[in-house]
Amino acid sequence: MRLDKFLAQCSGNTRSEVKKWLKMGAVTVNGTVASKPETKIDPEKDIITLQGKQLSYQSFVGLMFHKPAGCVTATQDRYQETVLDYVDHPRKKELFPVGRLDLDTEGLLFLINDGELSHRMLSPRYHVPKTYEAQIAGEVTQEDVRAFEEGIDIGEKKKTLPARLEIVEVNTEAPPTSRIRLTICEGKFHQVKRMFEARGKKVTYLKRVSMAGIPLDEALKPGQWRELTAEEAERLRESC
Ligand code: URA
């Protein structure tokens, strides 16, 4: 890896800022002052210091993002804003979303740089739980709760896995509406919307509030992100 890239990534600064440090002689590699940005280093083995302080390289990068409605869960798109357009992080180029939220869905999305972990988290083998809050057109009933618990036929080979549906509030005045919380342990295409559709109801608002037991940080407004804490990153790994 190039020294200037390593320094930019570890410090969160731009490469031009990093070049200044190199020129100033503020950087050492294994005890020797290094001034060339293109110097090749091994981030796992070499000891790099900046102004006398040793830098440690973290290979894993993970962000918690509060996806707003109206952006696509992709890293690039010709026509529409993507989730990555909201992220200004020195290692943004390495990041991709874990799974998908629909264009109109809001809420928790992890952006990470570990393809293997992402693959496992999305694998049907691990049943990583995801909790959603939704607004429903129609009256959600205890019968719906039981049906979700038993599994819903959404037109796939098998019924959906048991899901926990909680009725938060029902407004019976015409036209009736309901607020619910739903936890599912799989991630089929448009799954929540299709589950309600199969019960003759329509999701009018959808937000993911938790995944893998990690709640969306309430301090994050739609469009905002922060790095995952070490505990959260560990929890992602433990979930699968
Ligand atoms: N289920 C849906 O229908 N849409 C989403 O974005 C996520 C889950």
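We count ligands from 1, going down the list as the structure has it; atoms in each ligand are counted the same way.
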Modelled atom types, side-chain donor and acceptor of Y205 and E133, under 3.5 Å: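 Looking only at side-chain atoms, E133 and Y205 do not form any donor-acceptor pair under 3.5 Å.
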
Pairs touching residues 3-12 that satisfy salt bridge (charged side-chain N to carboxylate O under 4.0 Å, His left out), sequence neighbours left out: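 Found R2-D4, D4-R15.
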
Spacing of OH belonging to Y132 relative to CE belonging to M195, to within rounding of 0.5 Å: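 Answer rounded to 0.5 Å: 10.5 Å.
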
Proximal protein residues to ligand 1, non-hydrogen atoms under 4.0 angstrom: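 The 4.0 Å shell around ligand 1 contains L101, D102, T105, Y132, H190, Q191, V192, K193, L206.
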
Carboxylate-amine/guanidinium proximity below 4.0 Å for E106 and K207: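 Result for this pair is no, no salt bridge flagged.
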
W225 and H89 aromatic ring geometry - parallel, tilted or perpendicular at 30°/60° bounds: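 The arrangement is perpendicular - the two ring planes meet at more than 60°.
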
Polar contact flag, side-chain donor to acceptor under 3.5 angstrom, E94-Q9: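 Side-chain D/A pair, E94 to Q9: present.
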
